[in-house]
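We're numbering straight along the sequence, starting at 1. Predicted model only: the values in this text are computed from it and were never measured. FYI, side chains are in, hydrogens and waters are out, and symmetry mates aren't considered; it's all heavy atoms of this structure.
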Amino acid sequence: MGIMLGLIIVITTLEHIFVVPFMPPHVKPGFANIVIMFCVFGIGRRQAFTLNMLKSLFVLITRGAIGGLLSLSGGLLSIAVIILLASVKKKQASYIGISVTGALFHNLGQFIIFMLLMATPALIYYAPMLVVSGVISGVITGILLKVLMPALKRFHIGGLL
């Protein structure tokens with residue numbers, strides 16, 4: 001769990017530091033979710049939930065209350081839908097489909113909180129960009145998880161993760 005949390009912290013920090021070309025402002029690719037989804041599929045749902053909460057705590061400490069609240073709201077909604085879909089799909093889990101759905105719900109959770117905080121209906125015009133970026137990010141992280149999963153399972157079984 002410590003190694004996975006360390007990976008999440010490094011990935012989250014790098015995503016915060018570097019601007020990703022062609023992404024809407026403040027939208028990140030969410031590569032740390034690869035670690036979270038590996039945990040859902042390879043270790044356990046409770047551990048994945050714990051890592052998600054610790055990621056939000058890290059964001060709270062490093063970026064303040066609003067950053068922490070947005071991370072928590074998106075993370076809770078995302079992990080809930082990922083766990084639900086992983087439970088329903090069992091062995092036929094489509095990493096890409098689950099990743100896209102998780103990304104969309106992550107954006108939705110953050111969008112709802114941001115709408116409540118800003119109290120302006122004009123933000124609704126930002127929603128289509130969040131949908132497009134959520135689908136793109138979800139496809140990329142889903143593909144990366146699919147490619148990395150066999151190696152990650154070997155490391156986990158070998159006792160390294």
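- Here the shortest heavy-atom pairing between S78 and G102 reads OG-O, 3.1 Å.
- Follow the hydrophobic side-chain contacts under 4.5 Å out from M129 and you never reach V131; the two are in separate clusters.
- Separation of the Y95 and F41 ring centroids falls under the 6.0 Å cut-off.
- In this structure, the side chains of T13 and V10 stay at 4.5 Å or more apart for every pair of heavy atoms.
- To the nearest 0.5 Å, the span separating CG on L72 from NZ on K55 amounts to 11.0 Å.
- Rounded to the nearest 0.5 angstrom, M4 CE and L54 CG are separated by 11.0 Å.
- No continuous path of ILVMFWY side-chain contacts below 4.5 Å connects M37 to V139, so the two sit in separate hydrophobic clusters.
- Counting non-hydrogen atoms of neighbouring residues, nucleotides and ligands closer than 6.0 angstrom, the NZ atom of K28 exceeds 12 such neighbours.
- No chain of hydrophobic side-chain contacts below 4.5 Å, direct or via other Ile, Leu, Val, Met, Phe, Trp or Tyr residues, connects I11 to I143.
- In this structure, I79 and V40 approach most closely via the heavy-atom pair CD1-CG2, 3.9 Å.
- Between N52 and G75, the shortest heavy-atom distance links the atoms ND2-O, 2.8 Å.
- Counting only heavy atoms from C-beta outward, the side chains of V132 and P128 never approach each other to under 4.5 Å.
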Practice problem: Show your reasoning for whether side chain to side chain contact (heavy atoms under 4.5 Å, CB included) applies to L60 and L57. | Solution: CA-CA 5 Å; L60 171 71; L57 179 61; 4.1 Å; yes
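- Residues M115 and L69 fall within the same hydrophobic cluster, defined by Ile, Leu, Val, Met, Phe, Trp and Tyr side chains chained together at heavy-atom separations under 4.5 Å.
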Practice problem: Apply side chain to side chain contact (heavy atoms under 4.5 Å, CB included) to L108 and L77, showing your working. | Solution: CA-CA 8 Å; L108 176 64; L77 204 50; 4.2 Å; yes
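- The two residues P29 and S137 come nearest to each other via the heavy atoms O-CB, 3.4 Å.
- At a threshold of 4.5 Å between non-hydrogen side-chain atoms, the residues L145 and S99 do not count as touching.
- Here the straight-line distance linking atom CG of L84 with atom CZ of R45 works out to 9.5 Å at 0.5 Å rounding.
- The hydrophobic clustering, which links ILVMFWY residues whose side-chain heavy atoms are closer than 4.5 Å, places L7 and M53 together.
- Within the 3.5 Å criterion, the main-chain N or O of L70 finds a donor-acceptor partner in the side chain of Q110.
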Self-check item: Stepwise side chain to side chain contact (heavy atoms under 4.5 Å, CB included) test for F49 and I36
Solution: CA-CA 8 Å; F49 179 80; I36 303 273; over 6 Å; no
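- In this structure a side-chain-to-backbone donor-acceptor pair under 3.5 Å is present from S133 to L130.
- Distance alone, capped at 3.5 Å, is enough to place a donor-acceptor pair between the E15 side chain and the G30 backbone.
- One finds the OG1 atom of T50 at 5.0 Å from the CE atom of M1 (value rounded to the nearest 0.5 Å).
- Applying the side-chain contact (heavy atoms from CB on, under 4.5 Å) test to T101 and every residue at least two apart in sequence or in another chain returns V81, L85, F105.
- Distance CD1/I34 to OG1/T141: 6.0 Å, rounded to 0.5 Å.
- For F114, the CZ atom counts as loosely surrounded, since its 6.0 Å shell holds 12 or fewer non-hydrogen atoms of other residues, nucleotides or ligands.
- If you take CD1 on I8 and CG on L51, they are separated by 4.5 Å, rounding to the nearest 0.5 Å.
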